[in-house]
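All ligand and atom numbering here is 1-based and tracks the order in the structure. Everything quoted here is computed from the prediction, not taken from an experiment.
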Amino acid sequence: MTSLPLISVDPDARGRRPAMPPRHLADLDLPGRQALVTELGEPAFRAKQVSNHYFGRLVRDPERMTDLPAATRERLAGTLLPTLLTPVRELACDDGATRKALWRLHDGSLVESVLMGYPDRVTVCISSQAGCGMACPFCATGQAGLTRNLSTAEIVDQAVYLAGVAASGAVVGSPPRLSHVVFMGMGEPLANYARVVAAIRRLVAPSPEGLGLSQRHITVSTVGLVPAIRRLASEDLSVTLALSLHAPDDELRDELVPVNQRWKVSEVLDAAWDYAATTGRRVSIEYAMIKDVNDQPWRADLLGRLLAGKLTHVNLIPLNPTPGSRWDASPKPVEREFVRRLRDAGVSTTVRDTRGREIDGACGQLAAAEDTDSDPRAATA
Ligand code: SAH
């Protein structure tokens, strides 16, 4: 059994000062940006102009901000739009419909985001932390531990940057406008609560204050930090909650999602149902199908009994095996039987498509590969 992860410890509070990035306009609401611009000795309305370039037009190059006086463009953009994300690698697959970006942050940390185009929508999957402290043994990000929380703007900028990629027409066969955001990249969003909630507020605020996305099109995925789920329900937001359950029984979930040692299956499901009742939003239950680990018919039946009659939907995720892991994805017939049993119990269930698998989509593997490449010890091992 894995030991209890340090779930309540924010790295900012550990005495070590994490290298947080420079302040960016996406860290602030509009009045905050106006105050900053005024401190620079510029008229307050410049904050709205720069915000409109960034969120409305998806422009970050000061040269293109021709409504600003040439003399102050660089200074305004330098103060409000410092570079937070430097692309290290961009990979595409599925004929360009899936694109993965690996970013280097100002302190050298690596994080990734994925842009996925569908005929009717464009989704970005973003990271909320560099690394992750939740230690789920099947997840590549979980193996390396937590480096630090991302700032609000580092979170928002992933979506804004990739919204710009989508707007350039790069995602063939999809609408040009980013419509959906899922917090399913690296990190545990509810362990970086205040910055993630601030990021959601920027994503949903209408332009020029924010990106103008619909709350219903934002999904926060969590291992199940019960107090944070309850707190999220009390915000005036109705984003979709996804709960990474992965096992219906405490014995197995204690191992697969170690935070279960702190909050048990029954407690986390109670919090999920309260979230659904408060927000009116159907809760997604995420369940990675792991061969001979959590895919037995009796576990499908137990899961069906726990979920029957609730405002929920199950997303089965074929396990994406991580390098060196002893686990594999369930065979297709086993997966089909699992789906059949859940549906027989009256539980709405789908199997997640495995977009981006050739480019190690969405499970922390690209950043891990980059780390290995650049680590001289790994090269000689
Ligand atoms: N910390 C959040 C977000 C993590 S990533 C959470 O745990 O919900 C989003 C989803 O991908 C989670 O359900 C996570 O358990 C799942 N996941 C992680 N590694 C995976 C892998 N190797 N194969 C399949 N799903 C994986």
Margin query: Over 60° means perpendicular and under 30° means parallel, so tell me whether Y287 and F338 are parallel, tilted or perpendicular.
Written below: tilted

Note to self: Regarding ligand 1, does A140 bring an N or O atom to under 3.5 Å of one of the ligand's N or O atoms?
What the structure shows: no

Margin query: So if I count the atoms of ligand 1 from 1 in the order they appear, which ones are less than 4.0 Å from some heavy atom of S244?
Written below: 6 (C), 7 (O), 8 (O), 12 (C), 13 (O), 15 (O)

Item checked: Polar proximity ligand 1 side, F138 side, N/O cut 3.5 Å exclusive -> yes

Next item on the list: Check each of R148, H24, R195, H106 against E154 using the side-chain hydrogen bond (donor to acceptor under 3.5 Å, both in side chains) test, and report the only one that passes.
Entry: R148

Notebook entry, point to check: What do we get for H246 next to ligand 1 when only non-hydrogen atoms under 4.0 Å count, side chain, backbone, both or neither?
Noted result: side chain

Side-chain donor-acceptor pairs under 3.5 Å in residues 233-241, sequence neighbours left out?
| residue | atom | partner | partner atom | Å |
| --- | --- | --- | --- | --- |
| S234 | OG | R231 | O | 2.6 |
| E235 | OE1 | R201 | NH2 | 2.8 |
| E235 | OE2 | Y193 | OH | 2.7 |
| D236 | OD1 | R201 | NH1 | 3.1 |
| D236 | OD1 | R201 | NH2 | 3.3 |
| S238 | OG | Q215 | OE1 | 3.4 |
| T240 | OG1 | R281 | NH2 | 3.0 |

Notebook entry, point to check: Does G185 come within less than 4.0 Å of ligand 1, judged by its heavy atoms?
Noted result: yes

Note to self: For G187, state whether at least one heavy atom is located under 4.0 Å from any atom of ligand 1.
What the structure shows: yes

Item checked: ILVMFWY cluster, L80 and L40 together (side-chain gap under 4.5 Å) -> yes

Notebook entry, point to check: Relative to atom 11 (O) of ligand 1, which among T322, T141, I317 owns the nearest non-hydrogen atom?
Noted result: I317

Margin query: Can you confirm whether more than 12 heavy atoms, excluding those of R64, are under 6.0 Å from its CZ atom?
Written below: no

Margin query: Using a 4.0 Å cutoff against the non-hydrogen atoms of V223, which atoms of ligand 1 qualify?
Written below: 6 (C), 7 (O), 8 (O)

Notebook entry, point to check: Do other residues, nucleotides or ligands put more than 12 heavy atoms under 6.0 Å from K264 NZ?
Noted result: yes

Next item on the list: Using only heavy-atom distances, determine whether the side chains of R33 and S51 contain a donor-acceptor pair under 3.5 Å.
Entry: yes

Next item on the list: Flag the pair D295 and K291 as a salt bridge only when some basic side-chain nitrogen lies within less than 4.0 angstrom of an acidic carboxylate oxygen.
Entry: no

Margin query: Once you restrict to heavy atoms under 4.0 Å, what part of E286 touches ligand 1? Side chain, backbone, both or neither.
Written below: side chain

Next item on the list: Compute the minimum heavy-atom distance from E188 to ligand 1 and say whether it is under 4.0 Å.
Entry: yes

Next item on the list: Give the atoms of ligand 1, by number and element, whose distance to some non-hydrogen atom of C139 is under 4.0 Å.
Entry: 18 (C), 19 (N)

